[in-house]
Amino acid sequence: MLIDLRSDTVTRPTPGMKEAMFSAPVGDDVFGEDPTVNTLEEKIAKLFGMEAAIFCPSGTMTNQIAIRLHTRPQTEVICHKYSHIYLYEGGGIMANSLASVKLLDGDLGKITASQIEESINPDDVHAPETTLVSLENTMNKGGGSIYTLEEIKPIYQLCKEKGLKLHLDGARLFNALVETGEKPAAWGAHFDTISICLSKGLGCPIGSVLLGTKADIKRARKVRKVFGGGMRQAGFLAAAGIYALDHQVERLKEDHARARELGKMLAKLPVVSEILPVSTNIVIARLEGISPEEFMKRLAEKNIKSVKFGKDLVRFVTHHDFKDEHLYEFGRRISSLF
Ligand SMILES: *Cc1c(COP(=O)(O)O)cnc(C)c1O
């Protein structure tokens, strides 16, 4: 049995999801005529109390569209140095928006209002104008760490005072919300745009949505087109998103419980010096006396897949297709490995 813990993107659609996909009414979404895409966009916008939403092929696209909306060439984005938008989107801030980026430090991938305030550029001929702050929740490189709404409020206030836009890379926002019990609409009220992935813990084969004002989402449709993301009978894919929102959100808690257990199993290994705090479905192990490559190779020999996440770090992500039997097997296989 393969135990694939590389990412929560490796899941396959369930029978119920497939049925929803195959029976979806569809049309040409570039003409705005796909009823299932329209339903998904309206449903998720309403859930977050935001005006509108746009369905896109990937979270990279939704983030990059948001950055395009909130910057101009020669302006600057503020984010954590480990942000997905900076580290894992191919230099898109520069390539797609001709914008600069200021990278901040912060525990477990999180930044604070006072750090942001210090990093806003002065109104000076030398400096790129700061226009956007981007946060990530949960924070992938922070080990799936969570921002609470209380931590967001001062950042929201600051952005409002300074006239900055605030974007949330909420690829795994639902993982945070099922843990904290906070309401989606409370989050919607604090951001100009929010990006959410359907293809991670929610278990869809494809898709992300960008939420925002009607005016921003109207502009986003043009940007999506030029990025090559205008899709036709995309309702087959949007149907998976609707199904996931109805059936696979609360389930994320199971992934978190298994991640905590997995962290405890890893912590017992003599070659693991530390497990970053496990808040959601991501477990990051710090190694000692062994390289990530060698560690991962030994796991791979036992049919366990993980990813390198730094010079002495390895990441494991629990997901819809990682059940109790896989957790048990994981423990059994690693116990005699090192
Ligand atoms: C996965 C992910 C994205 C989007 O990735 P795609 O693979 O383009 O869908 C964005 N931000 C974070 C934090 C992610 O984990």
Side-chain angles (χ1 to χ4, degrees), residues 4-11 13 40 44 53-68 77 79-93 95-97 101 103-104 106 108-111 132-147 166-177 179 187 191 193-211 220 223-224 227-229 231 234 237-238 240-241 244 252 255-256 259 276 279-284 306-310 313 315-320:
D4 194 345
L5 292 160
R6 287 173 300 171
S7 174
D8 44 8
T9 54
V10 300
T11 57
L40 171 67
I44 195 155
I54 180 172
F55 181 58
C56 292
S58 73
T60 299
M61 189 179 286
T62 44
N63 280 332
Q64 291 297 319
I65 290 173
I67 292 164
R68 174 70 79 85
V77 182
C79 65
H80 190 280
K81 66 178 183 182
Y82 292 155
S83 299
H84 194 283
I85 59 163
Y86 173 70
L87 276 188
Y88 299 122
E89 298 186 9
I93 299 172
N96 294 320
S97 297
V101 59
L103 301 173
L104 307 188
L108 297 175
K110 300 201 294 180
I111 55 179
L132 173 62
V133 175
S134 183
L135 307 177
E136 188 176 311
N137 193 25
T138 67
M139 181 53 177
N140 177 27
K141 281 287 261 188
S145 56
I146 294 176
Y147 275 105
L166 184 57
H167 171 68
L168 180 65
D169 177 356
R172 298 189 180 84
L173 180 56
F174 280 112
N175 292 83
L177 297 182
E179 279 301 311
W187 278 75
F191 289 89
T193 45
I194 298 181
S195 159
I196 292 176
C197 287
L198 302 167
S199 58
K200 302 262 163 91
L202 295 181
C204 297
I206 292 176
S208 290
V209 283
L210 181 68
L211 301 150
V223 182
R224 183 183 67 176
F227 284 178
M231 298 184 286
L237 304 172
L252 292 169
D255 296 347
H256 303 172
L276 263 59
S279 306
T280 51
N281 68 330
I282 296 177
V283 182
I284 298 181
S306 53
V307 295
K308 181 175 172 177
F309 225 47
L313 301 174
R315 185 189 77 168
F316 301 83
V317 187
T318 60
H319 52 74
H320 186 276

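Each ligand, and each atom within it, is numbered from 1 in the order the structure gives. The analysis underlying the following values was restricted to heavy atoms, covering all of them including side chains, and did not include hydrogens, waters or symmetry mates. Residue indices begin at 1 and follow the sequence shown.
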Could you tell me which non-hydrogen atom of I44 sits nearest to which non-hydrogen atom of V209, and how far apart they are? CD1-CG2, 3.6 Å
If we number the atoms of ligand 1 from 1 as shown, the ones under 4.0 Å from a heavy atom of S58 are 8 (O), 9 (O)
So is there a nitrogen or oxygen of S208 less than 3.5 Å from a nitrogen or oxygen in ligand 1? no
Please list, in number order, the atoms of ligand 1 under 4.0 Å from a heavy atom of N63. 10 (C), 11 (N)
Would you please name every residue forming a side-chain hydrogen bond (donor to acceptor under 3.5 Å, both in side chains) with D8, sequence neighbours left out? R172, N281
Would you find more than 12 non-hydrogen atoms of other residues, nucleotides or ligands less than 6.0 Å from F309 atom CZ? yes
Counting non-hydrogen protein atoms only, what is the nearest one to atom 2 (C) of ligand 1? Give residue, atom name and distance. K200 NZ, 2.2 Å
Considering non-hydrogen atoms of the protein only, which is the closest contact for atom 9 (O) of ligand 1, and what is the distance? G59 N, 2.8 Å
Counting C-beta onward and ignoring hydrogens, is there a side-chain heavy-atom pair between C79 and I85 closer than 4.5 Å? yes
Is the shortest heavy-atom distance from the side chain of Y147 to the side chain of I111 under 4.5 Å? yes
Please list the nearest protein heavy atom to atom 11 (N) of ligand 1 with its residue and the distance rounded to 0.1 Å. D169 OD2, 2.6 Å
Y82 OH: over 12 foreign heavy atoms closer than 6.0 Å: no
Can you list every side chain to side chain donor-acceptor pair (under 3.5 Å) pair that touches residues 57-68, not counting sequence neighbours? T62-S195, N63-E89, N63-H167, N63-D169, Q64-E89, Q64-N96
Examine ligand 1 and decide if any of its atoms is less than 4.0 Å from a heavy atom belonging to R172. yes
Checking a contact table here: which protein heavy atom is nearest atom 7 (O) of ligand 1, and how many Å away? T60 OG1, 4.5 Å
Checking a contact table here: which protein heavy atom is nearest atom 13 (C) of ligand 1, and how many Å away? E136 OE2, 3.1 Å
